[in-house]
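Accompanying notes for the structure given below.
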Amino acid sequence: MKLKYFSLSEFDCPSLSGSSVNMDANFLSMLDKARDIAGIPFKINSGYRTAIHNATLKNSKPNSAHLEGKAADIAVSDSRSRYIIVQALIK
């Protein structure tokens, strides 16, 4: 899959190099489009997670969408950026 704003490795689970191949293509396409709409960078904190890695995280759910490659955590440093990103994701 070719993404304009992200490299697939940004979505790797820290415990398994190359695991980003498990990310859902439709999800990544929508995220890439949202990044285009926002016009500001998205820093991915977490993408795909193995079940073992997910279980080690505080407050993670055993049925997390990260396990299916259908979720990503985006780091945001200020409220204006958060607003812009959320609006782009909604669109």
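In this text, all values refer to a predicted model and were calculated from it rather than measured experimentally. FYI, the numbering just counts along the sequence from 1. FYI, side chains are in, hydrogens and waters are out, and symmetry mates aren't considered; it's all heavy atoms of this structure.
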* Structure fact -> Output for pair (Arg80 CZ, Ile85 CD1), nearest 0.5 Å, gives 11.5 Å
* To do: Measure the shortest side-chain to side-chain distance between Asp36 and Lys4 over non-hydrogen atoms and say whether it is less than 4.5 angstrom.
  => yes
* Asked: What distance do Arg35 atom CZ and Leu3 atom CG have between them, rounded to the nearest 0.5 Å?
  -> 12.0 Å
* **Under 3.5 Å: donor-acceptor pair, side chain of Asn54, backbone of Lys61** => yes
* Mind listing the closest non-hydrogen atom pair of Thr50 and Cys13 along with its distance? => N-SG, 3.5 Å
* Cluster check Ile40, Ile44: I/L/V/M/F/W/Y, side chain < 4.5 angstrom -> yes
* Would you find more than 12 non-hydrogen atoms of other residues, nucleotides or ligands less than 6.0 Å from Ile90 atom CD1? -> yes
* Exercise: identify the closest heavy-atom pair between Tyr5 and Asp32 -> N-OD1, 2.9 Å
* Structure fact -> Heavy atoms of Arg82 and Val76 approach each other most closely as N-CG1, 3.2 Å
* Assess whether side chain to side chain contact (heavy atoms under 4.5 Å, CB included) is satisfied between Leu67 and Asn22, documenting all intermediate values. => CA-CA 9 Å; Leu67 300 170; Asn22 296 304; over 6 Å; no
* Structure fact -> Residues passing the salt bridge (charged side-chain N to carboxylate O under 4.0 Å, His left out) test with Asp73, sequence neighbours excluded, are Arg49
* Can any side-chain N or O of Gln87 pair as donor or acceptor with the backbone N or O of Ile84 at less than 3.5 Å? -> no
* To do: Kindly say whether Pro14 contributes a backbone atom to a donor-acceptor pair with the side chain of Asp12 at under 3.5 angstrom?
  => no
* To do: Say whether Ser29 and Asn26, considering side chains only, have a donor N or O and an acceptor N or O under 3.5 Å apart.
  => no
* Might you point out which heavy atoms bring Ala34 and Ala88 nearest each other, and give the distance in Å? => O-CB, 3.3 Å
* Asked: Can you find a heavy atom in the side chain of Leu28 that is under 4.5 Å from one in the side chain of Phe6?
  -> no
* **Rounded distance [0.5 Å steps], OG in Ser46 versus CZ in Phe11** => 10.0 Å
* Rounded to the nearest 0.5 Å, what separation is found between the CD atom of Glu68 and the CE atom of Met23? -> 11.0 Å
* Roughly how far, to the nearest 0.5 Å, is the CZ atom of Phe27 from the OH atom of Tyr48? -> 14.0 Å
* Gap between atom NE2 of His53 and atom OG of Ser64 - 0.5 Å precision -> 10.0 Å
* Side chain proximity check, Leu89 to Ile37, heavy atoms < 4.5 angstrom -> no
